[in-house]
There are 2 protein chains.
Amino acid sequence: MNDQRKYVVSCQACSLNALCVPHSLTESEVAIVDAAVKRSKPIQRNKTVFEAGDKFASLYTVRSGAVKTYSVDQEGDEHVIGFYLPGEMFGLDAISSGQHISSAKALETTAICEIPYNRLEELSAQIHNLQTHMYKLLSHEISEDQQLQLLLSKKTAEERIGNFLLGLSSRYRLRHLSPTSFRLPMARTDIGNYLGLAVETVSRIFTRLQKSNILQVDGKEVRILDQHRLCAVAHVDDADLFHGHGHGTLAAGVHAEPIRVGNIRKF
Amino acid sequence: MNDQRKYVVSCQACSLNALCVPHSLTESEVAIVDAAVKRSKPIQRNKTVFEAGDKFASLYTVRSGAVKTYSVDQEGDEHVIGFYLPGEMFGLDAISSGQHISSAKALETTAICEIPYNRLEELSAQIHNLQTHMYKLLSHEISEDQQLQLLLSKKTAEERIGNFLLGLSSRYRLRHLSPTSFRLPMARTDIGNYLGLAVETVSRIFTRLQKSNILQVDGKEVRILDQHRLCAVAHVDDADLFHGHGHGTLAAGVHAEPIRVGNIRKF
DNA sequence: ATCCGTCATTGATGCATGTCAATGAGAGGC
DNA sequence: GCCTCTCATTGACATGCATCAATGACGGAT
């Protein structure tokens, strides 16, 4: 009990508050949501939150650490679906079938908030702001998935990695962490898998960007030395940098701007 | 007026009823939803339903015909996001930002049902079944988008096209149309664009599959001659054929089974 | 019926990126 | 502190698919 208590915070006191809880919820509404949230103690690297086939019962958000979701095919090969940072919600794909179709695993020591889906459904019928936000959250995830499809179907390896790094950068900025200097929570293999590239390609492009003095890479530590040129490499307009990146959170869509879709490689 | 009336049907009388309206809605609930739906007369091929940048006000379902959604980048290149058949809902990606970020265009003469989003939100707070279904619908779209990401990032051209055809086949079957003999509503260019392939590749693979007597292709008319071998080509388990394909509808997820993710090309 | 524009097909060629192979560098365990 | 295992890097080579180019086939308009 004591052991657990030190990890337990309320939504009201949580530092991710602004990111995770809709700011349009009133204090009392947040309190109601808060009462439904289960906070367990941190789980270790490589421990799963849920696995494909598990009964769907809850949605999850990352409190600290990082999570990847993935599926495993018949041949036993893993396919990375997404990465989640503090304040981001995952497990949304399981609502439709009532069963998890992907697995979720901690990339490092990670604390998770769990919100029982039944309860969330009830609450969203009562709290209009919550319903609005859940719809936006789900819709936002769809938009981002479609953006990723575009990335995967039309962009070069360099563009994919550029976009990926800029996306992470944005997400760290939102969390008031350095957008230019951060640690990749995932392995190169995971990055390649996620972006549809061979590990070797990821590696080569990292070193290429390093040689161009756009990036400084030391293992998982990354420093963006020249954001402007990184944008150029990724074919991303600098002006778009502050929008559209990152996974859904309860607040997703609230701050969202129309997402520019441009910058695709011509064939 | 007379001109319009002949296209107008109620949800209750609509032949897509079972596909489009959640069957768990009671008769009176369907009547309430029905009252919110606007049915306009058919639009012609190449006419848009909405365009990127338009204010988001409604969700749409196809009543007859077919629709594609797409975005256009800065260079003016089009990127196909999805295809929608009768009973399927589109426009979901616009909820989060309040603005359409993609455009939707009729691939042939097409009738559309429109449901104002404000009203849908209101109703979903009142009608529990409707809320449940909307959440499932959105979640289902997310699952499918993730499946597509997997297709785009890991599969060969042949697998992509095989999957694409099998997906269409499933969707036609659901609509009580022939799953083995149908007309592609979209151009080769659109197929290639959607699947991240050059038109020429699509064409070549169609003829290759034809020469193997797996497929019979005559312009847009397609006949699947050997479903079993088509599955083999697509690396899809025959047993999975009846599940997991097609875009969300109001009923999406209701019939949904756990989606097998397998069958990815090994590198 | 004929014309014209869009769409589909087919072949030749090149390139981006996957695959194979081998070495190097950290990180965790005894 | 050393060992081992996993992960990252780098080079050589192979290939699937894009690109370029040209012809053919519809299908809608007049």
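Predicted model only: the values in this text are computed from it and were never measured.
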Report task. Counting heavy atoms from C-beta on, name the nucleotide in dC17(D), dA8(D), dT17(C) closest to the side chain of Thr156(A). Result -> dT17(C)
Report task. Establish, with yes or no, whether the OP1 or OP2 oxygen of dC7(C) is under 4.0 angstrom from a side-chain nitrogen or oxygen of Thr189(B). Result -> no
Report summary line: Out of dT9(C), dC20(D), dT9(D), minimum distance to the side chain of Val199(B) belongs to dT9(C)
Query raised in the report: Which is it for Asp226(A) and Asn213(A) under the side-chain contact (heavy atoms from CB on, under 4.5 Å) test, yes or no, and what are the steps along the way?
Result: CA-CA 7 Å; Asp226(A) 190 336; Asn213(A) 288 316; over 6 Å; no
Query raised in the report: Quick one: Arg208(A) CZ to dT9(D) C1', roughly how many Å, whole number?
Result: 14 Å
Requested in this report: Specify the separation, in whole Å, of atom CZ of Arg188(A) and atom P of dA27(C).
Outcome: 12 Å
Report task. Can you label the angle between the Phe90(B) ring and the Tyr84(B) ring as parallel, tilted or perpendicular, going by 30° and 60°? Result -> tilted
Query raised in the report: If only side-chain N and O atoms of Ser203(B) are considered, is one of them under 4.0 Å from the OP1 or OP2 phosphate oxygen of dT10(C)?
Result: no
**Report entry** Side-chain-base donor-acceptor pair under 3.5 Å for Glu158(B) and dC17(D)
**Finding:** no
Report task. Check the side chains of Thr156(A) and Glu159(A) for a donor-acceptor pair under 3.5 angstrom, ignoring hydrogens and angles. Result -> yes
Report summary line: The answer to which of Asp218(A) and Glu200(A) contacts DNA chain C further toward the 5' end, by nearest nucleotide, is Glu200(A)
Query raised in the report: Rounding to a whole Å, what distance do you find between Met186(A):CE and dC7(D):P?
Result: 14 Å
Report task. Measure from CD on Glu108(A) to C1' on dC7(D) and round the result to the nearest Å. Result -> 17 Å
Report summary line: Which of dA21(C), dG11(C), dT17(C) is nearest the side chain of Ala157(A)? It is dT17(C)
Query raised in the report: Are Tyr194(B) and Tyr70(B) close enough that their ring centres sit under 6.0 Å apart?
Result: no
Report task. In whole angstrom, give the distance that lies between atom CG of Leu184(B) and atom P of dC7(C). Result -> 15 Å
Report summary line: Between CZ of Phe206(A) and P of dC7(D) the distance, given in whole Å, is 16 Å
Query raised in the report: Can any side-chain N or O of Ser203(A) pair as donor or acceptor with the backbone N or O of Val199(A) at less than 3.5 Å?
Result: no
Query raised in the report: Between the side-chain atoms of Arg204(B) and the base atoms of dG11(C), is any donor-acceptor pair under 3.5 Å?
Result: yes
Report task. Identify whether any heavy atom of Ala187(A) sits under 4.0 Å from a base atom; if not, whether one sits that close to sugar-phosphate; answer base, sugar-phosphate or nothing. Result -> sugar-phosphate
Requested in this report: Starting from C1' on dA18(D), measure out to CD1 on Ile191(B) and report it in whole angstrom.
Outcome: 18 Å
Report task. Measure the distance from CG on Leu209(A) to C1' on dT9(D) and round it to the nearest whole Å. Result -> 15 Å
Query raised in the report: Within the structure, does a side-chain N or O atom of Thr201(A) lie under 4.0 Å from either OP1 or OP2 of dG18(C)?
Result: yes
Report task. Tell me which nucleotide among dA18(D), dA8(C), dG18(C) gets nearest to the side chain of Ala198(B). Result -> dA18(D)
